[in-house]
> 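Okay, handing you the structure first.
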Amino acid sequence: MMVSRQVLTRTSRIRASRARLQNRIAAAVIWGGAIFVAALFAWLMADILWHGWREISLAYFTQEPESAGRLGGISSILVSTGLILIVCLVSALPIGLGTAIFLAEYTGPEDTVSRKIRLSLNVLAGTPSIVFGLFGNAFFCKMLGMGFSILSGGLTLACMVLPYFIRIAEESIRSVPQSYRMGAVALGLSKSTQIMRLILPVAVPGILGAIILSVGRSLSETAALIFTSGYVDRMPESLYDSGRSLSVHIYDLSMNVAGGDQRAYSAALVLIVSLILINFITGLIGRAWSRRMISIS
Amino acid sequence: MSLWQKDKAFLFVLSVCASLAGVISIFIFFFLAKESVPAMAGIGLSQFVMDETWFASENQYNVLPLLWGSVLVSVGAVAFATPLGILSGLFCHFYAPSAIAGFYRSMVHLLAGIPSVIFGFWGLVSLVPLVARIHPPGPSLLAGVIVLGIMILPTIMVILDDAIANLSRLYLNSTVALGVSKWGALKGLILPNLRKQVGVSILLGLARSIGETMAILMVCGNVVRFPTSVFNPIRTLTANIALEMPFAMNVHRSALFFTGLIMMVLVAILMSTAQTRTSRQA
């Protein structure tokens, strides 16, 4: 009796200490993994920040690039990037918003039509950006005769961001409380008035989020632009001119221009900071808007 | 215009938008197919797997080394990122104090927003020299795996983070009540139940890596060959398109479209498998 109890306590003690050891090892591995990821991230950000800020001055933003970007600034590149972005948004926004309203207000999530459209959009969302580049080059540049131009680049990007834009915009329209729609019906508002005057204004923060996501995607994109909007780093004179986006500028400086690394760092820093800023500002606008909507109601 | 007519016109405009958005992917698919017809007719499908290598100026169009490069670097990246993704998910839910978990999540969120060209640039100037010090030449499969792994980590972590949140909401209280140790709960409960989501995140990670271009193009060295070690440079399908598109003509150009078509189909298969798995779970 005594013996067996001793054996029992001993095995349970061994088991307990083994569990404690396993617990410690697991904790160490998991903390280690997290610290490793954080360290990689810190390395990346610190590297870009440290090397990037040196060459940045007011002149960097106002001068045109010289000697393939080794000298001068990025003014023309910022203008091209902005124009590509505008073309992209102007073409993607109406189509995307229309589709999102259609999916959210006129179809249920499980309808055949909406399932088919959504499947097609999912395929589009998964399509590699370089494939968009191929398509844009063959369709917009060659077939429609736009050549290497800001227009071709912007339209290619529009195809690319459309699925993301629609997904978020649809969600935000769907999340407008059902009671709003019932109230509108009770007041005898037509469906279109109901959507334009009531549903969309309430869904603005979500739609804004969708726009910002599209802007972020467009700013980040390189592969789809290399052979649609091209490499030319001059100040563009019209939408039919080729224009180099900031991301293509980074690529070109680091890969094709000997001694371009320093300026590539600066451009990378500008790109990262603007992406972070855009995210931050949307957060603020979204919050302010929803506060206003709450104070109205 | 009566109210009824206005509504009808409104719906008409919306359905035009929706059908336009809905046909883009089909249109892209057929357009790529149309552009790759000359290659399929002029080169013939057999040459795409029988030629000695991919060397366009000598009319050699074997896609296998490129496809193999894409597969290797993607599988490597997923193998690199998945364990880190699982660790990160567990870290945020069970180990980190909530402030640190919040900070960690926003860091991963930021990581997800960093453009691939910046990852590529960072890889080129920081990682490649490091790899070169271990074993020259530097631009290599290994560098590609690491850079791509960091890039897909957010995709994997976000999926697993949600899944772990669900699981722990369901079961965690009962394990605590039973006095199971933390690691015991993770090993016996969370990890086994996470298997499906890990599968989904692997599929999505693969889909994302196969299509990735810029980062790979910048750190992998772009030599067409079957690599024999992780330090060998490789060229992927995507990098090949980016490199050769600027000067490709006629059949060569068409062959590039054909590889684009292959990739679009490959990614669509991966994505739809992942999606049917997710929906089956729900």
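The model shown is predicted, which means the values in this text are computed figures rather than measured ones. Just so it is clear: chains get the letters A, B, ... in the order the sequence lines come, proteins before strands, and each one is counted from 1.
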> Over all heavy atoms of both residues, which pair between B:Ala185 and B:Val180 is shortest? Give the atoms and the distance, please.
N-CG1, 3.5 Å
> Is chain A contacted by the side chain of B:Ala242, its backbone, both, or neither, given a heavy-atom distance below 4.5 Å?
both
> Taking salt bridge (Lys or Arg N to Asp or Glu O under 4.0 Å) as the test, write out the residues that go with A:Arg115, two or more places apart.
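A:Arg115 satisfies salt bridge (Lys or Arg N to Asp or Glu O under 4.0 Å) with A:Glu110 only.
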> Relative to chain A, which segment of B:Ile150 carries a heavy atom at a distance below 4.5 Å: side chain, backbone, both, or neither?
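For B:Ile150, side-chain heavy atoms alone lie under 4.5 Å from chain A.
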> Might you confirm whether atom CZ of B:Phe247 has over 12 heavy atoms from other residues, nucleotides or ligands at distances under 6.0 Å?
yes
> Let's test your reading of the structure: which of A:Ile130, A:Val113, A:Leu119 forms the most heavy-atom pairs below 4.5 Å with chain B?
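Top option by heavy-atom pairs under 4.5 Å: A:Ile130.
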> Who among B:Val267, B:Ile118, B:Leu127 has the most heavy-atom pairs with chain A under 4.5 Å?
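Between B:Val267, B:Ile118, B:Leu127, the count favours B:Ile118.
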> How are the rings of A:Phe135 and A:Phe139 set to each other: parallel, tilted or perpendicular (split at 30° and 60°)?
parallel
> Under 4.5 Å heavy-atom distance to chain A, tell me which part of B:Ser126 shows up: side chain, backbone, both or neither.
both
> With a 4.5 angstrom heavy-atom cut-off, could you sort out which part of A:Leu275 is near chain B: side chain, backbone, both or neither?
side chain
> Give, as side chain, backbone, both or neither, the part of A:Ile48 having an atom under 4.5 angstrom from any heavy atom of chain B.
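For A:Ile48, the side chain is the part near chain B, not the backbone.
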> What is the minimum heavy-atom distance between A:Ser192 and B:Asp7, and which atoms define it?
OG-OD1, 2.7 Å
> Who wins among B:Leu11, B:Val13, B:Leu237, B:Ile26 for the most heavy-atom pairs under 4.5 Å with chain A?
B:Leu11
> May I ask you to check whether over 12 heavy atoms, not counting those of B:Lys34, lie within 6.0 Å of atom NZ?
yes
> Quick check for you: among A:Ala19, A:Gly216, A:Ala264, which has the greatest number of heavy-atom pairs under 4.5 Å with chain B?
A:Ala264
> Using heavy-atom distances under 4.5 Å, tell me whether A:Pro163 contacts chain B through its side chain, its backbone, both, or neither.
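Neither part, no heavy atoms under 4.5 Å.
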> Taking every heavy-atom pair that is under 4.5 Å apart, which of B:Phe31, B:Phe27, B:Tyr104 has the most such pairs with chain A?
B:Phe31
> Just checking heavy atoms, which of residues 96-109 of chain A are less than 4.5 Å from chain B?
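Under the 4.5 Å heavy-atom cut-off, A:Gly98, A:Thr99, A:Ile101, A:Phe102, A:Tyr106 qualify.
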> Check whether B:Ser36 reaches the backbone of B:Ala39 with its side chain - one donor and one acceptor, N or O, closer than 3.5 Å.
no
> For A:Arg263, give me all partners under salt bridge (Lys or Arg N to Asp or Glu O under 4.0 Å), at least two apart in sequence or on another chain.
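So A:Arg263 forms a salt bridge (Lys or Arg N to Asp or Glu O under 4.0 Å) with A:Glu55.
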> Among A:Ile25, A:Ile166, A:Asn137, which has the most heavy-atom pairs under 4.5 Å with chain B?
A:Asn137
> Decide, yes or no, whether a salt bridge links B:Glu35 with A:Lys142 under the criterion of side-chain N to carboxylate O below 4.0 Å.
no
> Is a side-chain donor or acceptor of A:Gln194 paired with a backbone partner of A:Met196 at a separation under 3.5 angstrom?
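Side chain of A:Gln194 to backbone of A:Met196, a donor-acceptor pair under 3.5 Å: no, none is there.
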> So what's closer than 4.5 Å to chain A heavy atoms on B:Met218: side chain, backbone, both or neither?
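Contact with chain A: backbone and side chain both.
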> In this structure, is the centre-to-centre distance between the rings of A:Tyr231 and A:Phe148 below 6.0 Å?
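That pair fails the under 6.0 Å test.
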> If you count the non-hydrogen atoms of other residues, nucleotides and ligands that lie under 6.0 Å from CH2 in A:Trp50, is the total more than 12?
no
> Give, as side chain, backbone, both or neither, the part of A:Ile276 having an atom under 4.5 angstrom from any heavy atom of chain B.
side chain
> Let me know if B:Ser88 has heavy atoms under 4.5 Å from chain A in its side chain, its backbone, both or neither.
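Contact with chain A involves the side chain of B:Ser88 alone.
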> Please classify the contact of A:Leu162 with chain B as side chain, backbone, both or neither, using a heavy-atom distance under 4.5 Å.
side chain
> Could you check which of A:Ala223, A:Ala34, A:Ser129, A:Ala26 has the highest count of heavy-atom pairs closer than 4.5 Å to chain B?
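Sorted descending by pairs with chain B, the first entry is A:Ala34.
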> Side chain, backbone, both or neither: which part of B:Ile28 has an atom under 4.5 Å from a heavy atom of chain A?
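Looking at B:Ile28, backbone and side chain both touch chain A.
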> Please name all residues satisfying side-chain contact (heavy atoms from CB on, under 4.5 Å) with A:Val232, sequence neighbours left out, ordered by chain then number.
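By the side-chain contact (heavy atoms from CB on, under 4.5 Å) rule, A:Val232 matches A:Arg234, A:Ser242.
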> A:Asp261 versus chain B, heavy atoms under 4.5 Å apart: side chain, backbone, both or neither?
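Contact with chain B is through both the backbone and side chain of A:Asp261.
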> Which region of B:Arg253, side chain (C-beta onward) or backbone (N, CA, C, O), has a non-hydrogen atom less than 4.5 Å from a non-hydrogen atom of chain A, or is it both or neither?
side chain
> Going by distance alone, is a donor N or O of one side chain under 3.5 Å from an acceptor N or O of the other, for B:His93 and B:Asp161?
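A pair is found: one side chain offers a donor N or O, the other an acceptor, under 3.5 Å apart.
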> Counting only heavy atoms closer than 4.5 Å, note whether B:Leu217 contacts chain A via side chain, backbone, both or neither.
both
> Where does B:Ile241 contact chain A at under 4.5 Å (heavy atoms): side chain, backbone, both or neither?
both
> In terms of heavy-atom pairs under 4.5 Å, which option from B:Leu90, B:Val125, B:Leu261 contacts chain A the most?
B:Val125
> Please determine, among A:Thr222, A:Ile226, A:Ile272, the option with the most heavy-atom pairs under 4.5 Å with chain B.
A:Thr222
> Assess, by modelled atom type and distance only, whether the side chains of B:Glu244 and B:His252 contain a donor and an acceptor separated by less than 3.5 Å.
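Yes, because at least one side-chain N or O of B:Glu244 sits under 3.5 Å from a partner of the opposite role on B:His252.
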> For B:Ala248 and B:Leu256, work out which heavy atoms get closest and say how close.
CB-CD1, 3.7 Å
> For A:Ser120 and B:Ser25, which I'm curious about, is there any donor-acceptor pair between the side chains at under 3.5 Å?
yes
> How close do A:His249 and A:Gly69 get, counting heavy atoms only, and between which atoms?
CE1-CA, 4.2 Å
> Can you say whether A:Tyr251 sits under 4.5 Å from chain B via the side chain, the backbone, both, or neither, judging by heavy atoms?
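Both parts, backbone and side chain.
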> Examine whether an atom of A:Leu219 lies under 4.5 Å from a heavy atom of chain B, and if so say whether it belongs to the side chain, the backbone or both; otherwise answer neither.
neither
> Please determine, among A:Val123, A:Asn122, A:Val29, A:Asn279, the option with the most heavy-atom pairs under 4.5 Å with chain B.
A:Asn122
> Need one label for B:Leu153: side chain, backbone, both or neither, based on atoms under 4.5 Å from any heavy atom in chain A.
side chain
> How far apart are the closest heavy atoms of A:Gly33 and B:Leu84, and which atoms are they?
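Taking A:Gly33 first and B:Leu84 second, the nearest heavy atoms are O-CD2, 4.1 Å.
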> Between B:Tyr95 and B:Lys182, is there a cation-pi geometry (under 6.0 Å to ring centre, at most 45° from the normal)?
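Relative to the ring axis of B:Tyr95, which defines the angle, B:Lys182 lies inside both limits.
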